[in-house]
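A short write-up of the structure that comes next.
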Amino acid sequence: MESKNSQSNGIDSLCLAYRGMAGTGKRTLLLQNLKKIAESRNLPFHIQIKTLSFDSGNASAVTKGEQDEDDTKPDTHTIEYESSLIHIGFDIARMSMQDKNILRPVLLNYGKGSHVLTSEKGCGNRIIVLYHAHLLSSESVLIIQSVLEQNESDISIWATTEMPITQRIRDWFIEIPVEGDFDKNYFKFKEILGEKSQNWNTIFEKKLDSWLKKNRPT
């Protein structure tokens, strides 16, 4: 009975969406929580970069550096993804609008048999991480909805997104707002361009200041 309760209360049994602007630390926070789950399962947390070979109807994974015979086929494409003992992670921004072809076999196969991962605490959901989930196509959203309806107790989907999760699958997700001290990517960009760089905040501030300094209309 304790095992079931701990499974239902474990963070790995939830679908999470880390929402915030670019550079606010969404991926960092997500990886920190993955590491905590690995520690709770008494597993090491090391991220490997692997390669997924896919075509319109099939996908197979190999470790980066290995050569697959299927890679030589003209209709075969490859994409890199990250993998650990508790998760696999894909960057939607790198899928070149082919996310439905890549995610379909992954989502349909990866969420089965998670009971083999169950530790003494009863937590064993497989976790699929989707970076830049706001770029998902409508077809991929339908696939995610179908998988969550059928394998909700076996699979958890974590995502980073700059926009709220689409309405169709929002009920499954808990959104976690992530507000960093500043946009790290913008400040790197600002170091390169100096005073020439601007973001929307500074643009609006300058425009408002110019309006305030003008005389009242007659």
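Geometric assessment of R27 against the ring of Y18 yields a negative cation-pi assignment under the 6.0 Å and 45° thresholds.
In this structure, a donor-acceptor pair under 3.5 Å is present between the side chains of S146 and Q150.
In this structure, the side chains of P44 and L85 come closer than 4.5 Å at one or more pairs of heavy atoms. Side-chain contact between V129 and L31 is absent, with no heavy-atom pair separated by less than 4.5 Å. Using a 4.5 Å cut-off on side-chain heavy atoms (C-beta onward), D154 and N125 make no contact. Taking the side chain as every heavy atom from C-beta outward, T161 and F173 never approach each other to under 4.5 Å.
Between D12 and R41, at least one side-chain nitrogen of the basic residue sits less than 4.0 Å from a carboxylate oxygen of the acidic one, meeting the salt-bridge criterion. A salt bridge links R94 with D91: the closest approach of a Lys/Arg side-chain nitrogen to an acidic carboxylate oxygen falls below 4.0 angstrom.
A 6.0 Å sphere centred on CZ of R19 holds more than 12 heavy atoms belonging to other residues, nucleotides or ligands.
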- Message: For a side-chain contact (heavy atoms from CB on, under 4.5 Å) check, start with the C-alpha distance between Y81 and I49, then their side-chain angles and the critical distance, and finish with the verdict.
- Response: CA-CA 6 Å; Y81 69 98; I49 302 300; over 6 Å; no

- Should Y131 and E82 be marked as a side-chain hydrogen bond (donor to acceptor under 3.5 Å, both in side chains) after you check the CA-CA gap, both sets of side-chain angles, and the distance that decides it? CA-CA 11 Å; Y131 299 108; E82 64 181 33; 2.5 Å; yes

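Scored by the side-chain contact (heavy atoms from CB on, under 4.5 Å) test, L135 finds I92, A93, H132 as partners (sequence neighbours excluded).
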